[in-house]
Amino acid sequence: MPNTGGAVVPFAYQLGNTTSARSGVTEWLNKGDNAWQMISATLMGLQSVPGLVVLYGSIVKKKWAVNSAFMALYAFAAVWICWVTWAYNMSFGEQLLPFWGRARPALGQKFLIARARLPASTHFYEGGKGVEAEMMEPFYPMATMVYFHCEFAALTLIMLAGSLLGRMNFKAWMMFVPLWLTFSYTVGAFSLWGGGFLFHWGVIDFSGGYVIHLSSGVGGFVAAYWVGPRLTKDRQRFTPNNVLLMLTGAGLLWMGWAGFNGGDPYSANVDSSLAILNTNICAATSLLVWTCLDVIFFEKPSVIGAVQGMMTGLVCITPGAGLVQSWAAIIMGMMSGSVPWFTMMVVHKRWSLLQKVDDTMGVFHTHAVAGFLGGAATGIFAEPTLCNLFLPVTHSRGLIYGGDGGTQLIKQVVGAFFVIGWNIMATTIICLVVRLVVPLRMSEEQLKIGDDAVHGEEAYALWGDGEKYDLTKHGHGQDIEEMPSGVTQMV
């Protein structure tokens, strides 16, 4: 440490070259990039807690508010511990298989304060003749990278939970989360982001259209098949218990997407700025298109429909957020506001398989369909100059820009089919293993009562502060809730 008039300045506060963007305690640390990356991670964390916790707790029937919110909260906590214990390096560490990293902890001081790096990301020219793109090494510590990508992983599991609300056994969910993170999420993350075979082949997934949305949509749909449906009366009428709080959760999700897409260039650079702008353009367009379609065909603008349209827009732009021009973001918003609307409102009602599987929040449509659509649209609209700012494979371009654009679209479709196939297989095996230990679905009694039977808690303390008066003790055979002035209501 330098001597400054007798006082010693701790190493962490010694100045680097203050005239450079890389000022800090080491030559590689960029304080601006580091700050932006941690802010982006925190914005994504707010999408989960409280964003989706509030959204799920509000968009379901009152009797499932606590259970739905708690499924999201539990997943957030469970993913954190699994992530730092083994899953981070399975997603971004040393290669074990072409689609999987080597499991090891991300907890050691030496590892976490070193410069962030994705060791398997060095990209070689076709045939292995020379390095085309150097290993990814952002200008901040590994701790920031672990934090940022943990929020992605947690959000994926919480989005998947939307397919299972209102009937999955909570104990089964407690087992499902770490298993699905380990055997499904890490495969997609390494294959497309961490240096796996799809990454090196040149499949584009800017911020998780495939890794997060397509995988959660397919995984949720498959899990919903194995768990089974809600009660018939719940499927027929499942009205939100608080529409205004639902909008609050949706708003947190939308605003948090600035970190979701803006943080994926791993830097506070021009690409992150464009990604955020395109994200908002596409989401707004999609919401308006979905709402217009509701008005045209159902004569009523649906608030829930608007939230669905917002979601599909955010999902659709994600795989190409920083790689398409803003006029293309409008076109993608028009696509995401209409195609998933059609699959949800028309195809779903006519296809027996979709009718059979009880996908509570329609995650298949809002995430799987919109994610696939966004990935394919990226293969069409990815602009060459923008691609060179971000991608390891030089001369990448979308279909409309000629050259190898047609090849890029084919890569996008093949990459999507890999993610779909792996998730069908992995999710099925995980569900079959879990049900050997505990039932996947709640008991009939729990399904009838809801939160009070499952958790011994209720979302709202109404009338008698949530207390129930048991008439079975008085020979009537039914429960009642106490109401003001001695009035009772049969429940």
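Hydrogens, waters and symmetry mates are skipped; everything else that's a heavy atom, side chains included, is used.
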Next on the checklist: I'd like to know whether the aromatic ring centres of Phe92 and Tyr88 sit less than 6.0 Å apart in this structure.
Outcome noted: yes

Checklist entry - Parallel under 30°, tilted from 30 to 60°, perpendicular over 60°: which one fits the rings of Trp100 and Phe183? => result perpendicular

Next on the checklist: Can you list everything that forms a side chain to side chain contact (heavy atoms under 4.5 Å, CB included) with Phe190? Sequence neighbours excluded, please.
Outcome noted: Gln95, Ala120

Checklist entry - Got a salt bridge between Arg235 and Asp358, using NZ or NE/NH1/NH2 to carboxylate O under 4.0 Å? => result yes

Next on the checklist: Within the 4.5 Å heavy-atom criterion, are Phe139 and Asn34 side-chain neighbours or not?
Outcome noted: no

Item to check | Short N-O contact, Glu458 and Lys62, less than 4.0 angstrom | outcome: yes

Item to check | Sub-6.0 Å ring centroid separation between His213 and Phe260 | outcome: yes

Checklist entry - Nearest heavy-atom pair of Asp359 and Phe364: which atoms, and what distance? => result OD2-N, 2.7 Å

Next on the checklist: Ring centres under 6.0 Å, that's the criterion: do Tyr210 and Phe372 meet it?
Outcome noted: no

Distance-only donor-acceptor pairs under 3.5 Å for side chains of residues 66-81, two or more places apart:
| from | atom 1 | to | atom 2 | distance (Å) |
| --- | --- | --- | --- | --- |
| Asn67 | ND2 | His455 | NE2 | 2.9 |
| Ser68 | OG | Trp64 | O | 2.8 |
| Tyr74 | OH | Met174 | O | 2.8 |

Item to check | For Phe206, the option from Pro265, Cys387, Pro319 that meets side chain to side chain contact (heavy atoms under 4.5 Å, CB included) | outcome: Pro265

Checklist outcome for this item: Residues at least two apart in sequence or cross-chain that pass salt bridge (charged side-chain N to carboxylate O under 4.0 Å, His left out) with Asp451, listed by chain then number, are none

Next on the checklist: Donor-acceptor check, side chain of Gln355 to backbone of His348, threshold 3.5 angstrom: yes or no?
Outcome noted: yes

Item to check | Donor on one side chain, acceptor on other, Ser58 and Asn242, under 3.5 Å | outcome: no

Checklist entry - Counting only N and O atoms by type, is there a donor-acceptor contact under 3.5 Å from the side chain of Ser286 to the main-chain atoms of Cys282? => result no

Checklist entry - Any side-chain heavy-atom pair from Asn423 and Trp180 closer than 4.5 angstrom? => result yes

Item to check | Sub-6.0 Å ring centroid separation between His149 and Tyr185 | outcome: no

Checklist entry - Above 12 or not: heavy atoms from other molecules or residues under 6.0 Å from CH2 of Trp327? => result yes

Item to check | CZ/Phe298: more than 12 non-hydrogen atoms of other groups inside 6.0 Å | outcome: yes

Checklist entry - Can you find a side-chain donor-acceptor pair between Trp193 and Asp264 that sits under 3.5 Å? => result no

Item to check | CE (Met334) with more than 12 external heavy atoms under 6.0 Å | outcome: no

Item to check | Test item: Asp205 side-chain N/O and Leu192 main-chain N/O as donor-acceptor pair under 3.5 Å | outcome: no

Checklist entry - Got a salt bridge between Lys63 and Asp234, using NZ or NE/NH1/NH2 to carboxylate O under 4.0 Å? => result yes

Next on the checklist: Any heavy-atom pair between the side chains of Asn261 and Ile276 that's under 4.5 Å?
Outcome noted: no

Checklist entry - Within the side chain of Ser121, is there an N or O that forms a donor-acceptor pair under 3.5 Å with the backbone of Met136? => result yes

